[in-house]
Amino acid sequence: MGKLQTEVLELQAKVEKDTARLLRENRNRVFAVRLAQSAQKEIDRVREQVEQRGVRFDCKKGCAICCRLEVQALPQESFRIARKLGERPDRESLIAKLSEHVEAHRGITDKRQRKFCPFLLDGACSIYEFRPLVCRKMDSLDVERCKEMGETVPGDPEMFYKAEAVMTGTQKAYARLKLPNEAREMVASVLLALTDPSAEERWWKGEDVFEAGVRPPS
């Protein structure tokens, strides 16, 4: 077993163990949602370590090529984003913007036909501080190759595999509490979290509320 593979497996096990422990010690949905930032900080830490060994990522503020890709977010991440956005004075206009984005992308599978993420403002991410794991691990070594919109992003192996380990470990920890942990399309999930006051509580009780945009019976 190679050194990187060993480190990846150890990281996944540590994230799962630590996250599961925190969830057991703090059995409430508010904490479970806030805990999303723990995995996000872990990926940021991995990125810093990769940069310390000399890797130079080509991503910079203003480069938004990957912001046209479909983004998958874990349930707790979508709820955390919704909580932050719910505090904004332009909440209603934001909901309208997200609704328009969701409708415009129904049935679209070609990423070249996708519009930019609705959270992208003036070339920068407006939810950068609490963006999901998928966005945090999207670090490119060659932006020019990204412009080709190929199937893969030219990235660093350590960054890729350790970021995957953090995400997998997190999902397994939430699964231990029987909380739905599948990543779902971010914009539609955040929209549901913003417009359905019961969604977070239903998720905490074990319902996969983001599956196909599930809503409570009327």
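Below, each value reflects all heavy atoms present in this structure, side chains not excepted, and no hydrogens, waters or symmetry copies. We're numbering straight along the sequence, starting at 1.
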K.L.:
Would Arg202 and Asp196 satisfy side chain to side chain contact (heavy atoms under 4.5 Å, CB included), going step by step from the backbone distance to the final call?
P.N.:
CA-CA 10 Å; Arg202 290 188 291 122; Asp196 182 355; 2.5 Å; yes
K.L.:
For the residue pair Gln40 / Glu77, report whether a side-chain donor-acceptor contact shorter than 3.5 Å exists.
P.N.:
yes
K.L.:
Would you say that Glu7 contacts Leu11 through its side chain, given a criterion of any heavy-atom pair below 4.5 Å between the two side chains?
P.N.:
no
K.L.:
Is there a side-chain contact between Arg184 and Pro75 in this structure, where contact means two heavy atoms from C-beta onward sitting under 4.5 Å apart?
P.N.:
no
K.L.:
What's the separation between atom CD in Glu148 and atom CD1 in Ile65, rounded to the nearest 0.5 Å?
P.N.:
10.0 Å
K.L.:
Does Arg80 reach the side chain of Arg34, with side-chain heavy atoms less than 4.5 Å apart?
P.N.:
no
K.L.:
May I ask you to list the residues sharing a hydrophobic cluster with Leu120, side-chain cutoff 4.5 Å, ordered by chain and number?
P.N.:
Phe116
K.L.:
Applying salt bridge (Lys or Arg N to Asp or Glu O under 4.0 Å), which residue pairs with at least one partner in residues 57-66 are found, sequence neighbours left out?
P.N.:
Asp58-Lys60
K.L.:
How is the hydrophobic cluster of Leu121 composed, in terms of its other members, when Ile, Leu, Val, Met, Phe, Trp and Tyr link through side-chain heavy atoms under 4.5 Å apart, directly or indirectly?
P.N.:
none
K.L.:
Short question: side chain of Tyr174, backbone of Leu74 - any donor-acceptor pair under 3.5 Å?
P.N.:
no
K.L.:
Just jot down the salt bridge (Lys or Arg N to Asp or Glu O under 4.0 Å) partners of Glu42, sequence neighbours excluded, or say none.
P.N.:
Arg45
K.L.:
Test of understanding: with side-chain contact (heavy atoms from CB on, under 4.5 Å), list the residues that count as partners of Glu25, not counting sequence neighbours.
P.N.:
Arg21, Leu22
K.L.:
List the residues meeting side-chain hydrogen bond (donor to acceptor under 3.5 Å, both in side chains) with Arg131, not counting sequence neighbours, and say none if there are none.
P.N.:
Tyr128
K.L.:
Would you compute the distance between atom CD of Gln171 and atom CG of Leu133 and round it to the nearest 0.5 angstrom?
P.N.:
8.5 Å
K.L.:
Does a side-chain heavy-atom distance below 4.5 Å link Glu211 with Glu182?
P.N.:
no
K.L.:
If you compare all heavy atoms of Cys146 against all heavy atoms of Val153, which two are closest, and at what distance to 0.1 Å?
P.N.:
SG-CG1, 4.2 Å
K.L.:
Are Lys115 and His105 close enough that some pair of their side-chain heavy atoms sits under 4.5 Å apart?
P.N.:
yes
K.L.:
For Val190 versus Ser78, what's the shortest heavy-atom pair and its separation?
P.N.:
CG2-O, 4.0 Å
K.L.:
Could you tell me which non-hydrogen atom of Val15 sits nearest to which non-hydrogen atom of Gly169, and how far apart they are?
P.N.:
CG1-C, 3.9 Å
K.L.:
Could I get the full list of salt bridge (Lys or Arg N to Asp or Glu O under 4.0 Å) partners for Asp142, not counting sequence neighbours?
P.N.:
none
K.L.:
Side chains of Val209 and Pro180: closer than 4.5 Å at any heavy-atom pair?
P.N.:
no
K.L.:
Kindly indicate, with the supporting measurements, whether the criterion side chain to side chain contact (heavy atoms under 4.5 Å, CB included) is fulfilled by Ser189 and Gln72.
P.N.:
CA-CA 9 Å; Ser189 296; Gln72 303 286 314; over 6 Å; no
K.L.:
Atom SG of Cys59 and atom CZ of Arg47: how far apart are they, to the nearest 0.5 Å?
P.N.:
6.5 Å
K.L.:
Determine, step by step, whether Phe57 and Val50 satisfy the side chain to side chain contact (heavy atoms under 4.5 Å, CB included) criterion, reporting the C-alpha distance in whole Å, the side-chain angles of both residues, the deciding distance to 0.1 Å, and the verdict.
P.N.:
CA-CA 10 Å; Phe57 294 109; Val50 170; 3.8 Å; yes
K.L.:
Nearest 0.5 Å please: distance from the CG atom of Leu23 over to the CG atom of Leu35.
P.N.:
5.0 Å
K.L.:
I'd like to know if the side chain of Arg91 reaches the main chain of Leu194, judged simply by a donor and an acceptor atom lying under 3.5 Å from each other, with no hydrogens or angles considered.
P.N.:
yes
K.L.:
Kindly write out the residues that satisfy ring-ring contact (aromatic ring centres under 6.0 Å, His included) with Phe79, not counting sequence neighbours, or none if the list is empty.
P.N.:
Trp203, Phe210
K.L.:
Within this structure, what is the OG-NZ distance for the pair Ser198 and Lys205, rounded to the nearest 0.5 Å?
P.N.:
9.5 Å
K.L.:
Do you know which two heavy atoms are closest between Ala173 and Ala20, and how far apart they sit?
P.N.:
CB-N, 3.6 Å
K.L.:
Residues sharing Leu4's hydrophobic cluster, by side-chain heavy-atom contacts under 4.5 Å among ILVMFWY, directly or via others?
P.N.:
Val8, Phe160, Tyr161
K.L.:
Please list all pairs passing the salt bridge (Lys or Arg N to Asp or Glu O under 4.0 Å) test where one or both residues lie in residues 96-105, with sequence neighbours left out.
P.N.:
Glu103-Arg106
K.L.:
Answer yes when Lys147 and Glu144 have at least one side-chain N-carboxylate O distance shorter than 4.0 Å, and no when they do not.
P.N.:
yes
K.L.:
Please name all residues satisfying salt bridge (Lys or Arg N to Asp or Glu O under 4.0 Å) with Glu158, sequence neighbours left out, ordered by chain then number.
P.N.:
Arg53, Lys162
K.L.:
Please round to the nearest 0.5 Å and tell me the distance separating atom CG of Leu177 and atom OG1 of Thr19.
P.N.:
11.0 Å
K.L.:
Heavy-atom distance under 4.5 Å between the side chains of Val55 and Glu51, does that happen here?
P.N.:
no
K.L.:
Which atom pair, heavy atoms only, marks the closest approach of Glu185 to Arg114?
P.N.:
OE2-NH2, 4.4 Å
K.L.:
Can Lys172 and Gln12 be said to form a side chain to side chain contact (heavy atoms under 4.5 Å, CB included), step by step?
P.N.:
CA-CA 9 Å; Lys172 287 187 174 183; Gln12 179 178 315; 3.3 Å; yes
K.L.:
Could you list the donor-acceptor pairs under 3.5 angstrom formed between side-chain atoms of residues 82-90 and any protein atom two or more places apart in sequence or on another chain?
P.N.:
| unit_1 | atom_1 | unit_2 | atom_2 | d |
| --- | --- | --- | --- | --- |
| Arg83 | NE | Glu200 | OE1 | 3.3 |
| Arg83 | NH2 | Glu200 | OE1 | 3.4 |
| Arg83 | NH2 | Glu200 | OE2 | 2.4 |
| Arg88 | NE | Asp90 | OD1 | 3.0 |
| Arg88 | NH2 | Asp90 | OD2 | 2.8 |

K.L.:
Keeping Gln76 on the side-chain end and Ala36 on the backbone end, is there a donor-acceptor pair under 3.5 Å?
P.N.:
no
K.L.:
Side-chain contact test, heavy atoms from C-beta onward, threshold under 4.5 Å: evaluate it for Thr195 versus Ile95 and give yes or no.
P.N.:
yes
